[in-house]
There are 2 protein chains.
Amino acid sequence: MSDVRRPNFENNITADDVAEAAGVSRWTVNRAFKKDASISPKTRTKVMEAASKLGYVPDLRAAALASDRSNLVALLVDDFANPHKLVMMERLTRILRKHGWDTLLVNTLDRDDAGHAILNASQRRVDAAILIGIQFDDEVLETALHARRFHKLIIFARTSRHPDTISIAVDDAAAMQEIAAYVAEQGYRRPLFLAGPRTYSAHLLRKETFLGCWERRFGTVPEFAEVPAYDPILAEQVVTRILTDRPRDEMPDILVCENDALAIGAIDVIRHKLGLRIPEDIAVTGFDDVPQCQSPNYALTTYRQPLTEMAEYLVEVLESSEDRDFDRAFKGKLVPRASA
Amino acid sequence: MSDVRRPNFENNITADDVAEAAGVSRWTVNRAFKKDASISPKTRTKVMEAASKLGYVPDLRAAALASDRSNLVALLVDDFANPHKLVMMERLTRILRKHGWDTLLVNTLDRDDAGHAILNASQRRVDAAILIGIQFDDEVLETALHARRFHKLIIFARTSRHPDTISIAVDDAAAMQEIAAYVAEQGYRRPLFLAGPRTYSAHLLRKETFLGCWERRFGTVPEFAEVPAYDPILAEQVVTRILTDRPRDEMPDILVCENDALAIGAIDVIRHKLGLRIPEDIAVTGFDDVPQCQSPNYALTTYRQPLTEMAEYLVEVLESSEDRDFDRAFKGKLVPRASA
DNA sequence: TCCCGTTTTGCACGCGCGTGCAAAAAATTC
DNA sequence: GAATTTTTTGCACGCGCGTGCAAAACGGGA
């Protein structure tokens, strides 16, 4: 009985079937699907026609298994309250796809399960893990490194000094210096820095840089506050707590925020709970240039990272087989708007 | 020479190695890693110890290849401007992971490349494809269906009548009726419906339902406008265009929006470009209950979908081997806030 | 037409695990 | 303690493709 050889789901057509139909060997079929393989154009079209007639598509699982290269990366995210993540995901998936890479989205928000999530990604034998703006990155980083299964561990859009890690980010120090200079030039003198959560392994150097710049320039260290996550709602709570009922003459004249997620929360509170005007009473700056910054509602002065360029470099790193230091810091661009 | 048998990247330890270390057969090792497999507890712990000593993790690629079941789904997204997508991605990935499923994030925003993206997902032999709120879904749907490689094609959070498709969504008609009733009860009489892009295959029944309800109740069909994507920025443009310089007595008293992405753009324009108050001059309602709705800035009256419940059902569908009609509509919840 | 260099094609073996069944071991019964 | 049942373990074969090399086909010059 010939229908015995059909153990798998709905008679999958394989390269063998195409080979038979095209009158060539299986290996020639697979060659036809491979860029710059040594194959004659004539054979290739013959194979491709047979393939499309049969509806054949190469099986990437088998290819990955045989070659130990999956063209798959795991994207670890735990920071879904930050609108910038949406932008990053869009950009990364698009550019990775353009270069033939697929993306496994791993939600590491649930700290208890982060380990499992990472383990699972490693079981898929992804070629690399990419951490984007991870909030609880210390723990995750350790787990991931301990698993020792990711050929490359990339921290994207955040600086990491960890030696086993590749950091592709904007030059936070330079960026913050630029913002600090801008703030000072615009005549603000009582800044309050609104920082995000503190992590050990990977870092945004923004707070330290800003405070340092300001101190060097004016001799005083500005006030600052910390929000436990990059979440506008949490930022609202923190700003409400520290600014409500504060005497007018002790109010900051500008809130310099570590990123847009915090800035957006801050703006909402300043305007709607404190009843103050932006920028007349309190100005605000952010970081990232999320889409909402353009809204007339926020018109947020912020700093744009060259995401596309960074993603392209990421691909370069993924495809390189060298073993050098891939860390790189990019230059971004200050985007002045009405909020400061 | 024994080091010949090491063709793969950094001597991967396999089930065979663990088997040798534990003094059992390879099959017993794999059994130890499988839930409710027939294996004695004693052997299992012995195996697990050997495994963790060697740092062994089962290879899911090989497992998928051998069993033709990958526990992998492709999540197709093309609508990254809509903040609700972030919420959906978070929820879906978390709940899928909880049940042992991994997620391949496929960006189908670039229409030219959507076909490739889908093809690629199919090459990974995912068990199912999930479309979330796809904007250009007609084309994508056809491509995906044509590929005929997804065992299940699920339209999530959107209704589809396509017979080859499984639709898991909120009951849009019921939801919109509830909103319409609310709007009418609050005394609004000149609604304007702000709709998103029109698609053929999958649908949000919101516009038709609202217009129909209103007509039955008051005998008049409300005005409506269409935004070409669920993007606050585009919504701003459309609303600006249709409301700027309109005489006061022809102004709508409420904007009923197909979802929050549109509502948010509308609010920004109404307040900051038209200089009107919300809800006194124009009220606004949305749909989805994205996090920003809670912000005092928007305080958006909206409708919340039971995402968690829907995601749990999705898992149920994924794991079912029956061949019945899985379509299902859920009931959501109206969330009244200050905007209407 | 023959020869030689070049391009194109074929193939043995392996990637790591699942399936279904048979053999072995353990547990149960009388 | 022997016979029977139940649980546990082992194994042949296959999943679909990549690698590296050898064999075959091709092309051009004399």
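Values reported hereafter were calculated over all heavy atoms of this structure, with side chains retained and with hydrogens, waters and symmetry mates removed.
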Q: Go nucleotide by nucleotide along DNA chain D from the 5' end; which of Ala62(B) and Trp27(B) gets its closest nucleotide reached first?
A: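 Upstream on the strand: Trp27(B).
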
Q: May I ask you to say whether Asp127(B) pairs ionically with Lys152(B), meaning some side-chain N is under 4.0 Å from a carboxylate O?
A: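 Looking at Asp127(B) and Lys152(B), the cut-off is not met.
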
Q: As a test of reading the structure: which of dT8(C), dT19(C), dG14(C) is closest to the side chain of Ser40(A), going by heavy atoms?
A: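 Minimum distance to the Ser40(A) side chain belongs to dT8(C).
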
Q: Can you pull out how bent the helix from dT1(C)-dA30(D) to dC30(C)-dG1(D) is, comparing the axes over its first five and last five pairs, to 10°?
A: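 The angle separating the two end axes equals 30°.
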
Q: Nearest to the side chain of Lys34(A), heavy atoms from C-beta on, is which of dT9(D), dC17(D), dT19(D)?
A: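 Taking heavy atoms from C-beta onward, the closest nucleotide is dT19(D).
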
Q: To the nearest Å, give me how far apart OH (Tyr56(A)) and C1' (dG16(D)) are.
A: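 In whole Å, dG16(D) C1' and Tyr56(A) OH are 8 Å from each other.
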
Q: Give the rounded distance in Å between these two atoms: CG of Asn30(B) and P of dT8(D).
A: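 So the two atoms are 18 Å apart, to the nearest Å.
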
Q: Tell me: NZ of Lys42(A) to P of dG27(D), nearest whole Å?
A: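 For the pair Lys42(A) NZ and dG27(D) P, the rounded distance is 7 Å.
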
Q: Are side-chain heavy atoms of Leu104(A) and Val73(A) found at a separation under 4.5 Å?
A: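 Leu104(A) vs Val73(A): side chains apart.
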
Q: Check the distance between dG16(C)'s P and Gln123(A)'s CD and give it to me in whole angstrom.
A: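 Taking CD of Gln123(A) and P of dG16(C), I get 15 Å after rounding.
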
Q: Rounded to the nearest angstrom, tell me the gap between atom CZ in Phe33(B) and atom P in dG18(C).
A: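 To the nearest whole Å, that distance equals 11 Å.
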
Q: What is the distance, to the nearest angstrom, from the CG atom on Asp59(A) to the C1' atom on dG16(D)?
A: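 Checked: the CG to C1' distance equals 6 Å.
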
Q: Choosing from dG18(D), dT9(D), dT19(C), which nucleotide comes nearest the side chain of Ser67(B)?
A: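 Side chain of Ser67(B) sits closest to dT19(C).
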
Q: Using a strict threshold of under 4.0 Å (side-chain N to carboxylate O), is an ion pair present between Asp68(B) and Arg61(A)?
A: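 Salt bridge between Arg61(A) and Asp68(B), a charged N being under 4.0 Å from a carboxylate O: yes.
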
Q: Just by modelled atom types, is the Leu105(A) backbone N or O under 3.5 Å from a matching donor or acceptor in the Thr103(B) side chain?
A: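 It does not hold such a pair.
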
Q: May I ask you to say whether Glu312(B) pairs ionically with Lys98(B), meaning some side-chain N is under 4.0 Å from a carboxylate O?
A: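 Yes, Glu312(B) and Lys98(B) are salt-bridged.
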
Q: Roughly, in whole Å, what's the span from CZ in Arg69(A) to C1' in dG18(D)?
A: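 It works out to 13 Å between those atoms.
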
Q: Any ion pair linking Arg94(B) and Asp78(A) (charged N to carboxylate O, less than 4.0 Å)?
A: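 Looking at Arg94(B) together with Asp78(A), the answer is no, because their closest N to O distance does not fall below 4.0 Å.
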
Q: Please pick, from dC11(D), dG10(C), dT19(D), the nucleotide with the shortest atom-to-atom distance to any side-chain atom of Arg31(A).
A: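 When the side chain of Arg31(A) is considered, dG10(C) is the closest of dC11(D), dG10(C), dT19(D).
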
Q: Determine: side-chain N/O of Thr43(A) to OP1/OP2 of dT8(C), distance under 4.0 Å, yes or no.
A: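 No.
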
Q: May I ask you to decide whether Arg125(B) forms a salt bridge with Asp59(A), counting only side-chain N to carboxylate O separations under 4.0 Å?
A: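 So Arg125(B) pairs with Asp59(A) through a salt bridge.
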
Q: Answer yes or no: does a side-chain N or O of Thr14(A) lie under 4.0 Å from OP1 or OP2 of dG16(D)?
A: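 Indeed not, no polar side-chain atom of Thr14(A) lies that close.
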
Q: For the pair made of NZ in Lys46(A) and C1' in dT9(C), what is the distance, rounded to whole Å?
A: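 After rounding, the gap between these two atoms is 10 Å.
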
Q: How is Ser38(B) classified with respect to the nucleic acid when contacts are heavy atoms under 4.0 Å: base, sugar-phosphate, or nothing?
A: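 Since a base atom lies under 4.0 Å of Ser38(B), the category is base.
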
Q: Given that Leu65(A) and Ala64(B) both sit by DNA chain C, which one's nearest nucleotide is further toward the 5' end?
A: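 Mapping each residue to its closest nucleotide by heavy atoms, the 5'-most match is Leu65(A).
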
Q: At 4.0 Å (heavy atoms only), tell me whether Ile39(A) reaches a base, stays on the sugar-phosphate, or touches nothing.
A: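 Sugar-phosphate contact only - Ile39(A) comes under 4.0 Å of backbone atoms but never of a base.
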
Q: What closest approach, in Å, do Trp101(B) and Leu72(B) show between heavy atoms, and which atom pair accounts for it?
A: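 Minimum heavy-atom contact is CE3-N, 3.7 Å.
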
Q: Between Arg26(B) and Ala63(A), which has a closest nucleotide on DNA chain D that is more 5'?
A: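 Nearer the 5' end of the strand: Arg26(B).
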
